[in-house]
Structures are given as structure tokens and as C-alpha cells.
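Each ligand, and each atom within it, is numbered from 1 in the order the structure gives. Because only heavy atoms are used, hydrogens play no part in the values below, and waters and symmetry mates are left out as well, while side chains stay in.
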Amino acid sequence: MKFYNTFTRNEEDFIPIKERKAFLYTCGPTVYNYAHIGNFRAYIFEDLLRRALKYCGFEVFQVMNLTDIDDKTIKNSAAAGMKLEDYTRKFKDAFFEDIAKLRIEKAEVYPEATAHIPEMIEMIKRLEEKGCAYRGDDGSVYFSIAKFANYGKLARIDMGNQKAGARIKTDEYSKENAADFALWKAWDENDGDVYWESPWCRGRPGWHIECSAMSMKYLGPTFDIHTGGIDNVFPHHEDEIAQSESANDCKFVNYWLHCEHLLVNGQKMSKSLNNFYTLRDLMDKGFHAREIRWVLIGTHYRKKLNFTIDSCEKARKIISGFENFFKRLKYIERKKSAGDDASNICGEALRSFKAGISDDLNVSESLAAVHHLARESNKLLDAGKLGSSGAKNILDAFRDFDKIFDIFDSDAASHDEIPDKIMELMDKRQTARIAKEFSLADHMREQIQSEGWLIDDTPQGPMVFKGLNIQ
Ligand code: AMP
Ligand code: ZN
């Protein structure tokens, strides 16, 4: 497999540390609110990565942290008048409900930051012993970026412009004010009853140390792949590298992968711009999570994706087109008839599907292979040439595609609700249309209608519906 490594800005062959194994750390949600679908774009990209690695024969061990203590969780829980753990519990539960709906495969471990404070304190102690950390006036502990020669290498910051000794206490800041950042933050009144005792002062960890300490615990000092949204490159991942490599004296991560943003009208979807949709918002509008998954998965992860309601509607049409296609295939499969076994078109489709996802998760290439197979299969169906073994092979190919996309559900599409008699009339009508025997085709349509079924000729082939008019 090949991945584009943000650290080197190059596409590189994936060589894991342990043969056939891939160890993965994916920055998880800050549970201060419902995740929006911009966040889910990042988690779906990571789901695709995980599934692609497995598809290509790697055993995956994935860690996704839950940030249940940071500036935002404290602020929001206080505003809601709730204890921090009660407040974050609600959003942790919501997160797991949402990822299940979006068919995001579960990681092996979901460590919570509040359950790993001792590990964070240990790491900060090590940094202090090594002379990379120092105490501020209020007892807070800061990482001295001047002590880490490689600081700024991931985000490519020119460190020549930095003011020596400048400090920043907030979790989020921009490249322009790169500075010594907080490892441990001294308690102040805004923190209320949220604090832990430490060798320095009563307080709480900074956001960045959470991921360094938890990845160290579950994946060791060096592991294969670390991911996140592009906004995590700086400062979060830059700071993780500085902390982990200073504490452990070895390389932290071999491959850094970052996904681009989901946009709304050209701007990043975010809570602060109030231009976001949650999965719940979209499901309340009547969309299915599978349609949202389709929209989020369909654009390469390193390209910006502009979200529109229209794209969800398009996804719905495409998915229902596929459902109809699977119904036709199942019917042919059941008929046990001789004909083309579709092995050529299936083999070719599976090869380019795999070539696509192995090449830095090139979904466009993989999806093109899927659509091509559907088009070629429909040609065989329309010409009445597809045999039962061919229908089975095509359905098997879609089962394979679903190991990664998990969208088609070819097995759920059953033709049972459409009687064989109607399917046969559909077939006859189709043969007549191809032979340009239009009056015969019309006659078949009338017969189908007299049985209480309606036909819609879609680009994916004719569909029948019971007693419904679907314009
Ligand atoms: P947060 O909960 O804010 O820490 O964000 C969780 C993940 O979602 C991080 O990896 C972010 O980079 C990612 N993220 C946030 N907003 C977007 C967006 N609009 N598009 C894609 N990823 C995003
Ligand atoms: Zn992180």
C-alpha cells in the first residue's frame, strides 16, 4: 500500500514495524457536544483506512482517544451546571450511537483522557527531568520548544521568527503564535471542581499531552500511523511529536495521514462558525446514515469536500438505483439459468478496486471500478445474457466492495417482495424493448400494471414498485 505522509509531503510505500500488522492512533472526539459531520468525515476516512489495511492483509490495532477533559469540556459542563463526567458521558454515548449508524468499525481501544492522568503526569515528569519542561509562576508546567530541535518540522514552520520564551496556555492556537505550550495547567476558579493533584500543583493536563501519554500506553513509543483532520497538524500533532520524542528519545510515528476539511459554502464546517450539521440533524430531515456515509466517503480524503443537502439527495438516488440492480441480480441468481458468468468483468473490477484503495485510499478509482461493473452487468442483464453464476459472481464482487464501503448491502436487497411473475414480465418487456418491439413492450407494461405494479425506467435499469407512483 502507499500513503501520502504529511511529514515528508510524499507518497510512500507502507512498511509496517511488525510484519503484516498496522498500529494506528486516530485522534478522537472532544466530547463537549454532538460531533458534526465534519468530524465524521475524519472518522469515516479513518474507517476507510482501517478497512483498506485489513482488505490488503494487515492486522489492525487502532486506538482512538476520547478527550473528556480540556478547555471546551470544562467550559460547557460548567455552563450546563453539570459535573464534568455526567456532561461528557452523554456525548460519549451519542458518539458511539452515531458511529454505529454510520457503520464506522470500532477501534480496538477507546481510552478516556480522565482515566489516564497518572500516565500523563509520568510523562511530564520525564520531560521535566530531561530539561524540556519548566514551571510557570502559577505552577503550570510548559514544554520549552527551544529544547526540541525538530519543532515545527511537521507543520513546516520557520522557527527563526519565534520569540524565545513566549508561552501559551490555551489548547488551540495558530502557527503564527507557536510558543511554549502547557503540559499541566494550574487550577483556576473557572475549573470549579475539576482538578487532579500533581507534583507541581493542583490542576489538569493540557490537551496535547493526553494523546502522547495514551498512544505510549497502548502502542508504545514508536508506531506506524497517526491520523487526524488537517487542523490537527498544528499545534496538536506538532506538540505530540515534541513531547513524545523528547520523553522517549526515539521516533514517534512513521506515517502521518491527515484528511481535508468538510466545507459549507466554502468555509470549514465547525461549531465556532455555527455552520454545522450533526448526523441527528440530517436524520431528522429524513436522510439515512448510509446516504451520509456515501457523501462523506466519495471524495478522496485529501481533497476538500463541500457539503450540500443536494449531495445527500443524489446519494439517495444512487443507492436506490443499486438496490434495484441487486434485486434484478438476485432474481437471475434464483432462476438458475445458463449464460455469461461475468468472471471477466468481475475480475477486472476487483483488481482496479484494490489498486485504487491501495494507492493512498484513492476512492475515485475504486468507485469508478464499481460503477463500471454495474454498467457492464446491466448491459448483460438488459440483453438477457447474464447467467445465474454471473449474477452470483457480481453479487460476490459487491460483497467484497462492501468490506470497505459498507454501503451497498447487496444481501439486504431481496426480490422476495416482487413476485416472480412480475420479474418475468419485466424481463420480457426488457427483451422486447431491446428488440425495438415497442408494442409488445407496452403490452407487458400494461400486464405489470394490471397486477398492481408500476415501472420506472431509471439510468440503472427499470424498477418496479407496488402501487406507488414514483415521479
Ligand atoms: P475535535 O472534536 O474538535 O477535536 O475534532 C475531532 C476531529 O474532527 C479532528 O480530527 C478534527 O481535525 C476533525 N474535524 C473537525 N472539523 C472538521 C471538518 N470540518 N472537516 C473534517 N474534519 C474535521
Ligand atoms: Zn490527539
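Between Tyr32 and ligand 1, no pair of N/O atoms sits closer than 3.5 Å. Note: no N/O pair closer than 3.5 Å links Ser270 and ligand 1 by distance alone. Where the criterion is an N or O separation shorter than 3.5 Å, residue side chain and backbone included, Met269 meets it with respect to ligand 1. Distances between N or O atoms of Gly38 and those of ligand 1 include at least one value under 3.5 Å.
Between Tyr142 and Phe181, the distance from one ring center to the other does not fall under 6.0 angstrom.
Look at Cys211 and the Zn ion (ligand 2): an N/O/S atom of the residue is under 2.8 Å from the metal. At least one N, O or S atom of Cys27 sits under 2.8 Å from the Zn ion (ligand 2).
Interface atoms of ligand 1 facing Gly229, defined by a heavy-atom separation under 4.0 Å, are 10 (O), 12 (O).
The closest donor-acceptor contact from the side chain of Glu108 to the backbone of Gln62 lies under 3.5 Å.
Only backbone heavy atoms of Glu260 (N, CA, C or O) come within less than 4.0 Å of ligand 1; its side chain stays farther off.
The option with the heavy atom closest to atom 6 (C) of ligand 1, from among Phe45, Tyr43, Phe91, is Tyr43. Residue Leu262 holds the heavy atom nearest to atom 20 (N) of ligand 1 of all those in Leu262, Thr67, Asn33, Ile37. Ranked by closest heavy atom to atom 5 (O) of ligand 1, the top entry among Asp70, Asn39, Leu273 is Asn39.
Protein heavy atom at the shortest distance from atom 4 (O) of ligand 1 is Thr30 OG1, 3.1 Å. Nearest to atom 12 (O) of ligand 1 among the protein's heavy atoms is Asp231 OD1, 2.4 Å. Taking atom 3 (O) of ligand 1 as the reference point, the nearest protein heavy-atom neighbour is Lys72 NZ, 3.9 Å.
In this structure, Phe45 and Tyr301 have parallel ring planes: the angle between them is below the 30° cut-off, well short of the 60° mark. His208 and His236 have tilted rings, their planes meeting at an angle from 30° to 60° on a 0 to 90° scale. Using cut-offs of 30° and 60° on the angle between ring planes, the pair Phe398 and Phe326 is perpendicular.
Residue contact annotation: His258 has no non-hydrogen atom under 4.0 Å from ligand 1.
A salt bridge between Asp400 and Lys403 is present, with a side-chain N of the basic residue lying under 4.0 Å from a carboxylate O of the acidic one.
Applying the 6.0 Å contact sphere to NZ of Lys147 captures no more than 12 heavy atoms from other residues, nucleotides or ligands.
A pairwise comparison of heavy atoms in Met159 and Gly152 identifies SD-CA, 4.5 Å as the closest pair.
Just one of His258, Arg156, His237 meets the side-chain hydrogen bond (donor to acceptor under 3.5 Å, both in side chains) condition when paired with Thr6; it is His258.
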